[in-house]
Amino acid sequence: MKLTNLQIENLYQFTLKHYVEYYDVQTELVDHLANDIEDIWKEHPKLSFEEARDKSFKKFGIFGFMDVIEQKQSQMTKKYFKIILKFVKEWFKLPKIILTILIFVGFYQLQKVPFAYHIYASIFGLVMVLELITIFINTRKLKKKTKKTGKKWMFENIISINGIGNSALLLFYMYDFLFPDNTKDFLLMGDFRKVFSAFLITVLIIFGYVTLIVIPKKAEVLLQKIYPEYKFV
(Lines give C-alpha, C1' and ligand atoms only; values in the text may rest on other atoms or scores of the structure.)
Protein backbone atom coordinates (compact mmCIF):
# COMPACT_ATOMS: atom_id res chain seq x y z
CA MET A 1 0.00 0.00 0.00
CA LYS A 2 1.32 3.43 -0.98
CA LEU A 3 0.84 6.66 0.96
CA THR A 4 -1.48 9.29 -0.49
CA ASN A 5 -0.47 12.91 -1.03
CA LEU A 6 -2.64 13.86 1.94
CA GLN A 7 -0.77 11.40 4.15
CA ILE A 8 2.58 12.71 2.92
CA GLU A 9 1.46 16.23 3.84
CA ASN A 10 0.42 14.88 7.23
CA LEU A 11 3.97 13.61 7.74
CA TYR A 12 5.38 17.07 6.97
CA GLN A 13 3.06 18.56 9.61
CA PHE A 14 4.03 15.74 11.97
CA THR A 15 7.74 16.56 11.68
CA LEU A 16 7.02 20.26 12.17
CA LYS A 17 4.99 19.46 15.27
CA HIS A 18 8.03 17.61 16.60
CA TYR A 19 10.30 20.65 16.24
CA VAL A 20 11.80 20.03 12.79
CA GLU A 21 11.62 23.52 11.28
CA TYR A 22 13.87 23.07 8.24
CA TYR A 23 12.18 21.91 5.05
CA ASP A 24 15.19 19.90 3.82
CA VAL A 25 15.39 17.95 7.09
CA GLN A 26 11.62 17.49 7.06
CA THR A 27 11.83 16.04 3.54
CA GLU A 28 14.50 13.51 4.55
CA LEU A 29 12.46 12.43 7.56
CA VAL A 30 9.21 12.28 5.60
CA ASP A 31 10.90 10.05 3.01
CA HIS A 32 12.22 7.78 5.77
CA LEU A 33 8.87 7.65 7.58
CA ALA A 34 6.93 7.00 4.38
CA ASN A 35 9.14 4.03 3.43
CA ASP A 36 9.02 2.65 6.94
CA ILE A 37 5.22 3.01 7.16
CA GLU A 38 4.84 1.07 3.90
CA ASP A 39 7.11 -1.67 5.28
CA ILE A 40 5.08 -1.76 8.51
CA TRP A 41 1.87 -2.13 6.50
CA LYS A 42 3.31 -5.18 4.75
CA GLU A 43 3.62 -6.91 8.12
CA HIS A 44 0.58 -5.31 9.76
CA PRO A 45 -1.87 -4.38 6.99
CA LYS A 46 -4.71 -3.69 9.44
CA LEU A 47 -2.92 -0.80 11.14
CA SER A 48 -4.25 2.69 10.40
CA PHE A 49 -1.98 5.35 8.94
CA GLU A 50 -1.68 7.11 12.32
CA GLU A 51 -0.85 3.87 14.12
CA ALA A 52 1.81 2.92 11.57
CA ARG A 53 3.23 6.48 11.68
CA ASP A 54 3.48 6.46 15.48
CA LYS A 55 5.05 2.99 15.42
CA SER A 56 7.69 4.28 13.00
CA PHE A 57 8.29 7.41 15.07
CA LYS A 58 8.95 5.36 18.22
CA LYS A 59 12.02 3.90 16.49
CA PHE A 60 13.71 7.31 16.84
CA GLY A 61 13.82 6.89 20.62
CA ILE A 62 12.88 9.17 23.48
CA PHE A 63 14.49 12.24 21.88
CA GLY A 64 12.49 11.85 18.68
CA PHE A 65 14.00 13.69 15.73
CA MET A 66 16.50 15.72 17.81
CA ASP A 67 19.46 13.41 17.09
CA VAL A 68 18.78 13.64 13.35
CA ILE A 69 18.62 17.44 13.54
CA GLU A 70 21.90 17.65 15.47
CA GLN A 71 23.68 15.31 13.04
CA LYS A 72 22.43 17.32 10.08
CA GLN A 73 23.45 20.58 11.74
CA SER A 74 26.95 19.25 12.35
CA GLN A 75 27.21 17.96 8.77
CA MET A 76 26.10 21.28 7.26
CA THR A 77 28.36 23.35 9.53
CA LYS A 78 31.36 21.26 8.44
CA LYS A 79 30.34 21.80 4.83
CA TYR A 80 30.13 25.57 5.43
CA PHE A 81 33.65 25.78 6.88
CA LYS A 82 35.00 23.61 4.06
CA ILE A 83 33.56 26.14 1.61
CA ILE A 84 35.18 28.99 3.55
CA LEU A 85 38.52 27.15 3.52
CA LYS A 86 38.21 26.60 -0.23
CA PHE A 87 37.78 30.33 -0.91
CA VAL A 88 40.48 31.32 1.61
CA LYS A 89 42.96 28.94 -0.08
CA GLU A 90 42.47 30.88 -3.33
CA TRP A 91 44.23 33.82 -1.66
CA PHE A 92 47.36 31.70 -1.27
CA LYS A 93 47.58 30.83 -4.97
CA LEU A 94 48.44 32.94 -7.99
CA PRO A 95 47.37 35.58 -8.79
CA LYS A 96 45.72 36.50 -5.45
CA ILE A 97 48.74 35.49 -3.38
CA ILE A 98 50.49 38.65 -4.59
CA LEU A 99 47.86 40.78 -2.83
CA THR A 100 48.05 38.50 0.22
CA ILE A 101 51.82 39.06 0.45
CA LEU A 102 51.37 42.83 0.10
CA ILE A 103 48.80 42.85 2.92
CA PHE A 104 51.09 40.73 5.10
CA VAL A 105 54.16 42.92 4.50
CA GLY A 106 52.09 46.06 5.07
CA PHE A 107 50.88 44.86 8.47
CA TYR A 108 54.32 43.58 9.43
CA GLN A 109 55.84 47.00 8.75
CA LEU A 110 52.93 48.67 10.51
CA GLN A 111 54.02 47.07 13.79
CA LYS A 112 56.87 49.59 13.99
CA VAL A 113 54.32 52.40 14.40
CA PRO A 114 53.55 53.34 18.05
CA PHE A 115 49.75 53.09 17.57
CA ALA A 116 49.89 49.80 15.59
CA TYR A 117 48.18 47.91 18.43
CA HIS A 118 45.11 50.14 18.15
CA ILE A 119 44.94 49.61 14.37
CA TYR A 120 45.08 45.82 14.80
CA ALA A 121 42.45 45.90 17.55
CA SER A 122 40.22 48.19 15.47
CA ILE A 123 40.36 45.82 12.49
CA PHE A 124 39.40 42.87 14.68
CA GLY A 125 36.59 44.91 16.18
CA LEU A 126 35.38 46.17 12.80
CA VAL A 127 35.17 42.68 11.28
CA MET A 128 33.28 41.38 14.31
CA VAL A 129 30.84 44.32 14.27
CA LEU A 130 30.24 43.84 10.54
CA GLU A 131 29.53 40.15 11.10
CA LEU A 132 27.06 40.94 13.91
CA ILE A 133 25.31 43.55 11.73
CA THR A 134 25.15 41.02 8.89
CA ILE A 135 23.57 38.46 11.22
CA PHE A 136 20.90 40.99 12.25
CA ILE A 137 20.12 41.96 8.64
CA ASN A 138 20.08 38.35 7.42
CA THR A 139 17.82 37.25 10.28
CA ARG A 140 15.20 39.80 9.22
CA LYS A 141 15.55 38.81 5.56
CA LEU A 142 15.14 35.11 6.31
CA LYS A 143 12.08 35.74 8.46
CA LYS A 144 10.42 37.62 5.59
CA LYS A 145 11.43 34.94 3.09
CA THR A 146 10.15 32.11 5.31
CA LYS A 147 6.87 33.94 5.79
CA LYS A 148 6.55 34.29 2.01
CA THR A 149 7.61 30.75 0.96
CA GLY A 150 6.68 28.79 4.09
CA LYS A 151 10.06 27.03 3.95
CA LYS A 152 13.31 27.22 5.90
CA TRP A 153 16.52 25.58 4.72
CA MET A 154 19.20 24.53 7.18
CA PHE A 155 22.22 25.38 5.02
CA GLU A 156 20.74 28.77 4.10
CA ASN A 157 20.39 29.49 7.81
CA ILE A 158 24.01 28.47 8.41
CA ILE A 159 25.31 30.63 5.55
CA SER A 160 23.27 33.64 6.62
CA ILE A 161 23.25 33.44 10.43
CA ASN A 162 24.73 30.55 12.40
CA GLY A 163 27.93 30.19 10.39
CA ILE A 164 28.71 33.91 10.58
CA GLY A 165 27.96 33.83 14.32
CA ASN A 166 30.40 30.95 14.80
CA SER A 167 32.97 32.87 12.73
CA ALA A 168 32.59 35.97 14.92
CA LEU A 169 33.05 33.83 18.04
CA LEU A 170 36.16 32.23 16.55
CA LEU A 171 37.63 35.66 15.76
CA PHE A 172 36.94 36.84 19.31
CA TYR A 173 38.85 33.89 20.81
CA MET A 174 41.69 34.36 18.32
CA TYR A 175 42.07 37.97 19.40
CA ASP A 176 41.64 37.24 23.10
CA PHE A 177 44.19 34.40 23.28
CA LEU A 178 46.73 35.19 20.57
CA PHE A 179 47.24 38.96 20.77
CA PRO A 180 48.85 41.04 23.53
CA ASP A 181 46.28 43.07 25.43
CA ASN A 182 48.15 46.39 25.55
CA THR A 183 50.32 48.63 23.39
CA LYS A 184 53.53 48.06 25.39
CA ASP A 185 53.46 44.26 25.05
CA PHE A 186 52.52 44.58 21.39
CA LEU A 187 55.56 46.75 20.60
CA LEU A 188 57.87 44.41 22.56
CA MET A 189 56.91 41.30 20.58
CA GLY A 190 59.77 39.21 19.19
CA ASP A 191 60.33 38.67 15.46
CA PHE A 192 58.44 35.37 15.36
CA ARG A 193 55.46 36.89 17.20
CA LYS A 194 55.47 39.85 14.81
CA VAL A 195 55.42 37.57 11.76
CA PHE A 196 52.67 35.50 13.34
CA SER A 197 50.59 38.61 14.18
CA ALA A 198 50.93 40.00 10.66
CA PHE A 199 49.95 36.62 9.20
CA LEU A 200 46.97 36.33 11.57
CA ILE A 201 45.59 39.78 10.72
CA THR A 202 46.05 39.00 7.01
CA VAL A 203 44.08 35.77 7.35
CA LEU A 204 41.45 37.63 9.37
CA ILE A 205 40.89 40.15 6.58
CA ILE A 206 40.64 37.38 3.98
CA PHE A 207 38.34 35.39 6.29
CA GLY A 208 36.09 38.40 6.79
CA TYR A 209 36.01 39.11 3.05
CA VAL A 210 35.03 35.51 2.28
CA THR A 211 32.30 35.24 4.93
CA LEU A 212 30.81 38.70 4.43
CA ILE A 213 31.15 39.21 0.66
CA VAL A 214 32.15 36.12 -1.34
CA ILE A 215 29.82 33.49 0.17
CA PRO A 216 26.73 35.75 0.32
CA LYS A 217 27.23 36.57 -3.39
CA LYS A 218 27.46 32.87 -4.24
CA ALA A 219 24.74 31.79 -1.79
CA GLU A 220 22.11 31.02 -4.44
CA VAL A 221 24.51 28.84 -6.45
CA LEU A 222 25.75 27.03 -3.32
CA LEU A 223 22.21 26.38 -2.12
CA GLN A 224 21.07 25.07 -5.52
CA LYS A 225 24.00 22.63 -5.56
CA ILE A 226 22.88 21.19 -2.23
CA TYR A 227 19.13 21.54 -2.82
CA PRO A 228 18.23 21.18 -6.54
CA GLU A 229 14.63 22.06 -5.67
CA TYR A 230 15.75 25.37 -4.10
CA LYS A 231 15.71 27.09 -7.53
CA PHE A 232 11.94 26.62 -7.67
CA VAL A 233 11.30 28.35 -4.35
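Here, residue 1 is the first one in the sequence, and each next residue gets the next number. Worth knowing before you read on, the calculation uses all heavy atoms, side chains too, and leaves out hydrogens, waters and symmetry mates.
- The distance between the ring centers of Phe57 and His18 falls below 6.0 angstrom.
- Taking the side chain as every heavy atom from C-beta outward, Lys225 and Phe155 never approach each other to under 4.5 Å.
- Residues Phe49 and Leu11 meet the side-chain proximity criterion, which asks for heavy atoms closer than 4.5 Å.
- Within the 4.5 Å cutoff, the side chain of Phe14 has heavy atoms near those of the Asp54 side chain.
- For the pair Met154 and Val25, the tightest heavy-atom approach, listed with the atom from each and the gap, is CE-CG2, 3.7 Å.
- With a 6.0 Å radius and a threshold of 12 heavy atoms from other residues, nucleotides or ligands, Lys59 has its NZ atom above the threshold.
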Met76 vs Trp153, side chain to side chain contact (heavy atoms under 4.5 Å, CB included): CA-CA, chis, key distance, verdict: CA-CA 11 Å; Met76 288 298 182; Trp153 306 79; over 6 Å; no

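- Between Tyr108 and Lys194, the closest heavy-atom pair is CE1-CB, 3.7 Å.
- A continuous path of ILVMFWY side-chain contacts below 4.5 Å connects Ile97 to Val210, so both sit in one hydrophobic cluster.
- Expressed to the nearest 0.5 Å, how far CD of Glu156 lies from OH of Tyr22 amounts to 10.0 Å.
- For residues 61-82, the pairs satisfying side-chain hydrogen bond (donor to acceptor under 3.5 Å, both in side chains) are Glu28-Lys72, with sequence neighbours left out.
- The side-chain contact (heavy atoms from CB on, under 4.5 Å) with Tyr209 is formed by just one residue from the set Ile206, Ile213, Leu212; it is Ile213.
- Hydrophobic clustering keeps Ile62 apart from Tyr19 (ILVMFWY residues linked when any side-chain heavy atoms are closer than 4.5 Å, directly or through intermediates).
- Checked by atom type and distance alone, the side chain of Gln111 never pairs as donor or acceptor with a backbone atom of Ala116 at under 3.5 Å.
- Hydrophobic clustering places Ile215 together with Phe92 (ILVMFWY residues linked when any side-chain heavy atoms are closer than 4.5 Å, directly or through intermediates).
- Taken to the nearest 0.5 Å, the CZ atom of Phe136 stands 11.5 Å off from the CD1 atom of Ile161.
- Judged by distance alone, with hydrogens and angles left aside, the side-chain atoms of Thr202 form a donor-acceptor pair with the main-chain N or O of Ala198 at under 3.5 Å.
- Under the 3.5 Å distance criterion, with hydrogens and angles disregarded, a donor-acceptor pair is assigned to the side chains of Thr27 and Tyr12.
- If you chain together hydrophobic residues whose side chains sit under 4.5 Å apart, Val113 and Ile119 fall into the same group.
- Between the side chain of Thr15 and the backbone N or O of Gln26, no donor-acceptor pair lies under 3.5 Å.
- Contact annotation: the side chain of Lys152 never approaches that of Leu142 to less than 4.5 Å [non-hydrogen atoms, C-beta and beyond].
- Closest heavy-atom contact between Ala34 and Ile8: CB-CD1, 4.1 Å.
- Taking CG from Leu223 and CD1 from Ile159, the interatomic distance works out to 4.5 Å, rounded to the nearest 0.5 Å.
- For Thr211, the side chain to side chain donor-acceptor pair (under 3.5 Å) test picks out Glu131, with sequence neighbours left out.
- Taking all atoms of both residues into account, the shortest heavy-atom contact from Lys112 to Gln109 is NZ-OE1, 2.9 Å.
- Contact check for Tyr227 versus Tyr23: no side-chain heavy atoms found under the 4.5 Å cut-off.
- To the nearest 0.5 Å, atom OH of residue Tyr117 and atom OG of residue Ser197 are 11.5 Å apart.
- Residue Phe81 places its CZ atom among more than 12 non-hydrogen atoms of other residues, nucleotides or ligands, all under 6.0 Å distant.
- With values rounded to the nearest 0.5 angstrom, Leu126 atom CG is found 4.5 Å from Leu130 atom CG.
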Stepwise side chain to side chain contact (heavy atoms under 4.5 Å, CB included) test for Leu6 and Asn10: CA-CA 6 Å; Leu6 191 61; Asn10 177 278; over 6 Å; no

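- Looking only at side-chain heavy atoms (C-beta outward), Ile101 and Val105 come within less than 4.5 Å of each other.
- Qualifying ring pair (Phe, Tyr, Trp, His ring centres under 6.0 Å) partners for Trp41, counting only residues two or more places apart in sequence or in other chains: none.
- Shortest non-hydrogen contact noted between Ser56 and Leu33 is OG-CD2, 3.3 Å.
- Criterion: ILVMFWY side-chain heavy atoms under 4.5 Å apart, direct or through other members. Under it, Phe63 and Leu29 are part of a common hydrophobic cluster.
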Steps toward side chain to side chain contact (heavy atoms under 4.5 Å, CB included) verdict (Lys96, Leu99): CA-CA 5 Å; Lys96 290 182 180 179; Leu99 181 56; 5.6 Å; no

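- Using a 4.5 Å heavy-atom threshold, the side chains of Leu204 and Leu200 count as separate.
- When every heavy atom of Tyr120 is checked against every heavy atom of Phe107, the shortest pair comes out as OH-O, 2.9 Å.
- Atom NZ of Lys55 and atom CD1 of Ile37 lie 12.0 Å apart (nearest 0.5 Å).
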Criterion side chain to side chain contact (heavy atoms under 4.5 Å, CB included) on Leu110 and Ile201, from CA distance to verdict: CA-CA 12 Å; Leu110 181 66; Ile201 200 76; over 6 Å; no

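- Contact of the Ile226 side chain with the Asp24 side chain is not registered, since no non-hydrogen atoms from C-beta on lie closer than 4.5 Å.
- Under the 6.0 Å cut-off for aromatic ring centres, His32 and Phe65 do not qualify, their centroids lying 6.0 Å or more apart.
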